[in-house]
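Given the structure is predicted, the values throughout are model-derived calculations rather than measurements. Proteins get letters first, then strands, A, B, ... in listed order; numbering begins at 1 in each.
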Number of protein chains: 2
Amino acid sequence: MRVLKYAILGLLNRHPMTGYDISKEFDRDLMNFWHAKHSQIYPELKRLTEEGLIKYEVQISGEVLEKKVYSITKEGITDLAQWLLIAEELEPTPKDVFRLRMYFSENMNQNQLKALIKDQYEKRFAKYQFLKQRLDEYSHEPLIGSVEFGDYMVLLSAIMRENAYLDWLKICLSKL
Amino acid sequence: MRVLKYAILGLLNRHPMTGYDISKEFDRDLMNFWHAKHSQIYPELKRLTEEGLIKYEVQISGEVLEKKVYSITKEGITDLAQWLLIAEELEPTPKDVFRLRMYFSENMNQNQLKALIKDQYEKRFAKYQFLKQRLDEYSHEPLIGSVEFGDYMVLLSAIMRENAYLDWLKICLSKL
DNA sequence: ACCCTCATGTAACTTGTTACATGATTGA
DNA sequence: TCAATCATGTAACAAGTTACATGAGGGT
C-alpha cells in the first residue's frame with residue numbers, strides 16, 4: 001500500500017521541503033495519525049526520486065552545508081490525487097498495549113489495577129490538554145478547501161479520540 | 001517489546017489451547033486491540049517453547065491428525081504477571097490512513113470529499129453496531145477480578161472509540 | 001464426491017525501529 | 001567554545017503481511 005509514499009507526496013504537494021523538514025512534520029501535526037523516523041524517510045525520498053514522482057535541488061546553507069530541497073513532480077501530483085479518492089475497507093483496529101493489559105486484568109489485584117489505570121489517565125490527560133491548547137490557537141474554524149481545514153479537522157479528531165479514551169478510563173476506575 | 005509474546009501468554013494463562021485456537025481468538029475478542037496471523041503465531045509458539053515459558057502435548061484428533069495443545073509454564077506465569085504491571089510511556093498515536101486522507105483534503109472537491117466521508121461513516125457504523133450487539137449479549141456487567149471483566153471493559157472501550165469516530169465524521173459532514 | 005473448517009508450518013517480502021556514523025550552522 | 005539544532009545517510013534487526021504448501025475431519 002505504501003502509505004508513507006503518499007504521506008510524503010501530500011506534504012511536498014503543499015510546498016517544497018527537505019527530508020529533515022518532512023521529519024519535523026511527522027513529529028508535529030502528522031503525529032496524530034502517521035509517523036516515520038528519518039531512517040525511513042531518506043530511503044523513501046530516494047526511491048520516489050527514482051520513480052520520478054519527486055525531484056530535488058541542492059541548496060547551500062551557510063558556507064558548505066548542502067541540503068536537498070524536494071518538490072513534487074506532475075506525475076507525483078497525479079498519483080497523489082488518485083490515491084486520495086480510494087475508499088478502502090476499514091483497516092484492522094489499531095493495536096493498543098494498554099487495552100491488552102486490561103484484557104488480562106484478572107491477573108492483577110485491585111490496587112495494582114487502580115495504579116495502572118490512574119497512571120494511564122494522567123498521561124492521557126496531559127496529552128489531551130496539549131492537543132486542546134493547539135486547537136485553541138486557531139482564532140476561527142478554517143474553511144473547507146483551505147490547507148488549514150485538514151489540519152484543523154484532524155486535530156479535532158485526535159482530541160475527540162483522547163476524550164473518549166479518558167471517558168473509558170473514568171468508567172474503569174469507577175468499577176474499582 | 002515482544003507484545004505478541006505476552007498476548008499469547010495471557011491467552012494460554014486462561015486455558016490451554018492450540019495455535020489454531022489462538023489464531024481464532026485474535027480474530028474475535030482480541031481483534032479490538034491486537035492482531036496476528038497464523039504465520040506469525042506458529043513461529044512465536046516455537047520460540048516460547050524453546051524459552052520454557054510454554055509447553056505442549058500432542059493430541060490426536062480423529063484417526064491421525066496431530067494437534068499441539070499448548071499450556072503456560074510456571075516461568076511463563078511469572079513473566080506475564082511482571083509484564084502486566086509495567087506502566088509504560090504512552091505509545092505513539094496509532095496510524096490512520098483515513099485521517100491522512102482528510103489531512104490532505106485540500107486536493108479533493110466537495111463532492112469527492114463528501115462521498116469519501118459518507119463511505120467511511122457507513123463502514124464505521126456497521127462496525128459500531130456489530131460491537132454493540134456483542135455487548136448486549138452480556139446479561140449483566142461482569143465483576144472485577146473475573147475473566148469476563150477484562151473482556152467486557154475492552155469491548156466497551158472499542159464501542160466508545162467507534163462512537164467518537166462516528167461523532168467526528170458527523171462533524172466533518174456538517175462542514176460541507 | 002465436495003466443501004468448509006480444522007490444523008500446522010515455511011519463504012519471501014514490506015514496514016518500521018534502533019543503533020551506528022558523520023559533519024555543519026547558529027546562537028548564547 | 002559549547003550545546004542544540006540542522007542535515008543526511010546506512011546497517012542490523014524486529015515485526016508484520018502475503019503467498020506457498022500440505023493434509024485431515026466432519027457434514028451434506
Item to check | Any L53(A) side-chain heavy atom under 4.5 Å of L80(A) side chain | outcome: no

Write out a two-atom table: protein N or O, nucleotide N or O from nucleotides 25-28 of chain D, distance below 3.5 Å.
residue	atom	partner	partner atom	Å
dG25(D)	OP1	S61(B)	O	3.4
dG25(D)	OP1	E63(B)	N	2.7
dG25(D)	OP1	V64(B)	N	3.1

Checklist entry - Taking C-beta and beyond as the side chain, do I22(A) and L45(A) meet within less than 4.5 Å on heavy atoms? => result yes

Hey, can you pull the donor-acceptor pairs under 3.5 Å for the side chains in residues 87-102 of chain B, sequence neighbours left out?
residue	atom	partner	partner atom	Å
E88(B)	OE1	R101(A)	NH2	2.1
E91(B)	OE2	V97(A)	N	3.2
T93(B)	OG1	M31(A)	O	3.3
T93(B)	OG1	K127(A)	NZ	3.0
K95(B)	NZ	H35(A)	O	3.1
D96(B)	OD1	F98(B)	N	3.0
D96(B)	OD1	R99(B)	N	3.1
D96(B)	OD1	Y165(B)	OH	3.4
D96(B)	OD2	R99(B)	NH1	2.7
D96(B)	OD2	Y165(B)	OH	2.9
R99(B)	NE	S157(A)	OG	2.5
R101(B)	NH1	W83(A)	O	2.4
R101(B)	NH1	I86(A)	O	3.4
R101(B)	NH2	E88(A)	OE1	2.0

Checklist entry - Please give, in whole Å, the distance from dA7(D) P to I60(A) CD1? => result 12 Å

Checklist entry - Can you list every pair that meets salt bridge (charged side-chain N to carboxylate O under 4.0 Å, His left out) and has a residue in residues 135-148 of chain A, with sequence neighbours left out? => result E141(A)-K175(B)

Checklist entry - Using the ring of each side chain (for Trp, its six-membered ring), is Y42(A) parallel, tilted or perpendicular to H38(A), with breaks at 30° and 60°? => result perpendicular

Next on the checklist: Restricting to side-chain contact (heavy atoms from CB on, under 4.5 Å), what partner residues turn up for L135(A), sequence neighbours left out?
Outcome noted: Y152(A), L155(A), L156(A), I159(A)

Next on the checklist: Measure NE2/H38(B) against C1'/dT22(D) and give the value in whole Å, please.
Outcome noted: 11 Å

Item to check | Partner residues of T78(B) under the side-chain contact (heavy atoms from CB on, under 4.5 Å) criterion, sequence neighbours left out | outcome: Q82(B)

Item to check | Enclosure of L143(A) CG (heavy-atom neighbours >12, cutoff 6.0 Å) | outcome: no

Checklist entry - Which residue pairs pass the salt bridge (charged side-chain N to carboxylate O under 4.0 Å, His left out) test when at least one of the two sits in residues 31-59 of chain B, sequence neighbours left out? => result R2(B)-E44(B), R2(B)-E51(B), R47(B)-E51(B)

Checklist entry - Nearest nucleotide by nearest heavy atom, which residue falls closer to the 5' end of DNA chain C, K46(B) or Y20(B)? => result Y20(B)

Checklist outcome for this item: Taking for P43(B) and for D21(B) the nucleotide of DNA chain C with the nearest heavy atom, the one nearer the 5' end belongs to D21(B)

Short heteroatom pairs, N/O only, protein and nucleotides 15-18 of chain D, under 3.5 Å:
residue	atom	partner	partner atom	Å
dA15(D)	OP1	R2(B)	N	3.2
dG16(D)	OP1	K95(A)	NZ	3.0
dG16(D)	OP2	Q40(B)	NE2	2.9
dT18(D)	OP2	K37(B)	NZ	3.0
dT18(D)	O4	S39(B)	OG	2.7

Item to check | Start and end of chain A contact along DNA chain C [non-hydrogen atoms, under 4.0 Å] | outcome: dT15(C) to dT25(C)

Checklist outcome for this item: the helix from dA1(C)-dT28(D) to dA28(C)-dT1(D): angle between terminal helix axes, five bp per end, to the nearest 10 degrees, reads 30°

Determine all donor-acceptor pairs shorter than 3.5 Å in which one atom belongs to a side chain in residues 4-19 of chain B; sequence neighbours excluded.
residue	atom	partner	partner atom	Å
K5(B)	NZ	D79(B)	OD2	3.0
Y6(B)	OH	D79(B)	OD1	2.9
N13(B)	ND2	N107(A)	OD1	2.6
R14(B)	NE	E106(A)	OE2	3.0
R14(B)	NH1	Y103(A)	OH	3.3
R14(B)	NH1	D151(B)	OD1	3.1
R14(B)	NH2	Y103(A)	O	2.9
R14(B)	NH2	E106(A)	OE1	3.3
R14(B)	NH2	V147(B)	O	3.4
R14(B)	NH2	D151(B)	OD1	3.0
T18(B)	OG1	Y20(B)	N	3.3
T18(B)	OG1	D21(B)	N	3.0
T18(B)	OG1	D21(B)	OD2	3.1

Checklist entry - Is there a donor-acceptor pair closer than 3.5 Å between any side-chain N or O of W168(A) and the backbone N or O of M153(B)? => result yes

Next on the checklist: By the salt bridge (charged side-chain N to carboxylate O under 4.0 Å, His left out) test, which pairs, at least two apart or in different chains, include something from residues 59-73 of chain B?
Outcome noted: none

Item to check | Partners meeting ring-ring contact (aromatic ring centres under 6.0 Å, His included) with F149(B) (sequence neighbours left out) | outcome: none

